[in-house]
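Read through the structure below, which is laid out as structure tokens, and then see the notes.
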Amino acid sequence: MTLSTFPLGARPQGHPALGSLSLRSVSKVYDAGGIAVPAVQNCSIEVAPGEVCMIVGPSGCGKTTLLNAIAGFHPISSGEILMDGALLCGPGRPQADTGADRIVVFQNGALFPWKTLIENVAYGPMVQGTLPRRAAEDRARELLGEAGLADVAHRYPGEVSSGMARRAEIVRALINEPRVLLLDEPYRAMDALTKSIMHESLLALYDRTRVTIFFITHDIEEAIFLGDKVHVMTTRPCRLKQTIEVNLPRPRSYELLTSEEFRLLSEEAREAISEEAIKAFQSGEREA
Amino acid sequence: MTLQTTTTEYTAVQAPGRLRLFTWRLKRALRSPRPWLMLSGVALWLFTYWLLTEGLRLPRFDKIPGPVVVLSEIFSRTPFQGISVFTEIYYDHILASCRRIFLAFAIATGVGVPLGLLMGWSLRFRAYTFPILETLRPIPVLAWVPIAILAFPGFEWPVIFLATLASLFVTTLNAMLGVQSIDDAYFRAAGCLGSSRWQVFRHVVVPGALPYVFTGLQISIGVAWFSLVAAEMVSGDLGLGYMIVDAYMNNVTVPMVIGMLTLGFVGWATSALVRAVGNAMMRWHMRALAIQGR
Ligand SMILES: Nc1ncnc2c1ncn2[C@@H]1O[C@H](COP(=O)(O)OP(=O)(O)OP(=O)(O)O)[C@@H](O)[C@H]1O
Ligand SMILES: [Mg+2]
């Protein structure tokens, strides 16, 4: 299987489904200057291959901490994380290696500002040596074109809108055909209109690639519109509180937002999360 | 033939030619108040200078050569005090200083930038080197003069050594700060995308630190001139610093002022050159700044 044979990482027929994640009793305690801050406690989540797994929870509950542990940015304190049955981190191996099988799209965007969009997208295959530089750039141009970014492919990230930059960042991840795409509130600072454009483009990319997505958000509508499952987390320390199955058909479109099913699911999620938000607020008041 | 005409028309619509762009920019610049403000600023300065020295001949100022004397001496074919744009020795002094600055700046940059980048990148390397750097850095250049004269032969190398020293510290420190200024997210992204340690250095550390590196180089070239002139005044046989003390020793005041003005202009030109190189190497940075309206 070579990179250039399939559109945007689409898997060939009969390719074994990859990209399952298992988080088993994961805990993470930060050491903040001698004070132990438990950020994640006994958190267990199962993500099936090709699933869009949405994580919602109150501010500061430990969602980013969880994602960073999967990505291999920091060690966990106990429990284990597996991908496709192989141990990423766990007993005797506190920190996962970072690697192109799990690629993060960051909250504030992390396209290299000193590289053009094409160079950014071509970066992964080039440094991994899967494609020579020229071929990587050709492939990058192709994929940017598919994502509607052909006109700005030679611009620097500082010169394009944040929406374009975020789309390019997702393309930069997908060119590597990762098993899991990790998104940490990628659309947090965007206005509603840009956000809906971003959703459409992400859904289009997902429908083509069926890559497993682990997506953190604050936005309940976003979670239900994009996700197969919405995991509501408790306030810090973060644990799974409730899972909402979203059995809405794909491909999804914006008509969904006005449907009765969508409204009911949103209600359910909102109830669960507001309970936690109130707890977080009250405990915050006590601590202050 | 027809093909050629179409192409020209196409480019003309695409973007204005270089010449048209230049004339348009020139016209716009002349219409804005900035060049006129600059001109009147310079005029005001010159007038004050003239008033203090030649106009009113205030006490203490009467010893200082005024603008009229300096200008007439600079452009005189037979200068009373030995230095003008028509004397060969004037260019010998400038060339000597420029040559030393070039060598000192090249050495300081060639050693300082890699050193600083490594110090910013590797905690272990920083642990080895930082205390030494921090101890040597505060020692003023003039305190190094005796050692420089003892350790290096002749006139030339002690002076170059002294000019190198101060810029080396500035360059190293800024390169190190440049690496520390890079957002952690870029290192993480590079890690996710499968970079080796060397690739992180080449694709994240070096370009990410570049804005700081060039800020450092701007300061460094100024510091290099500063220490060079100090060194030339202490020990030397040629160079602008030497020209100034030499004039002072021989009780001729005009070459002192000529030397100072020349230093000003040459120093300005060199830092403009450094800035231009920096801007050319950091197009991404310049465009981002331009879009933010700076
Ligand atoms: N390096 C650290 N040292 C100590 N405490 C930390 C550290 N990083 C995060 N924390 C704490 O751990 C908790 C969880 O942080 P985390 O960033 O994972 O939350 P989050 O759910 O992503 O929040 P947000 O919704 O604001 O992004 C927070 O209370 C935070 O203050
Ligand atoms: Mg977060």
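Per chain, numbering begins at 1; letters A, B, ... match sequence-line order. Remember, it's a predicted structure, so these values are computed and weren't measured experimentally.
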Distance, nearest 0.5 Å, that separates [atom1] of [X] from [atom2] of [Y]:
{"X": "A:N108", "Y": "B:D183", "atom1": "CG", "atom2": "CG", "result": "7.5 Å"}
{"X": "B:R188", "Y": "A:I103", "atom1": "CZ", "atom2": "CD1", "result": "15.5 Å"}
{"X": "B:C192", "Y": "A:L182", "atom1": "SG", "atom2": "CG", "result": "7.5 Å"}

Neighbour count above 12 (heavy atom, 6.0 Å) for [X] [atom1]:
{"X": "B:Y212", "atom1": "OH", "value": "no"}
{"X": "B:F125", "atom1": "CZ", "value": "yes"}
{"X": "B:F226", "atom1": "CZ", "value": "no"}
{"X": "A:R93", "atom1": "CZ", "value": "yes"}

Between chain B and each of A:L111, A:D97, A:D101, A:V105, count heavy-atom pairs under 4.5 Å; write down the option with the most. A:L111
For the candidates A:G109, A:G158, A:G124, A:G99, which exhibits the highest count of non-hydrogen atom pairs separated by less than 4.5 Å from chain B? A:G99
Do A:Y123 and B:H203 have their ring centres less than 6.0 Å from each other? yes
Does a side-chain heavy-atom distance below 4.5 Å link B:Y186 with A:W114? yes
Residue A:R172 versus chain B: region with a heavy atom under 4.5 Å: both
Kindly give the heavy-atom pair with the smallest separation between B:L193 and A:V127, and that separation in Å. O-CG2, 3.6 Å
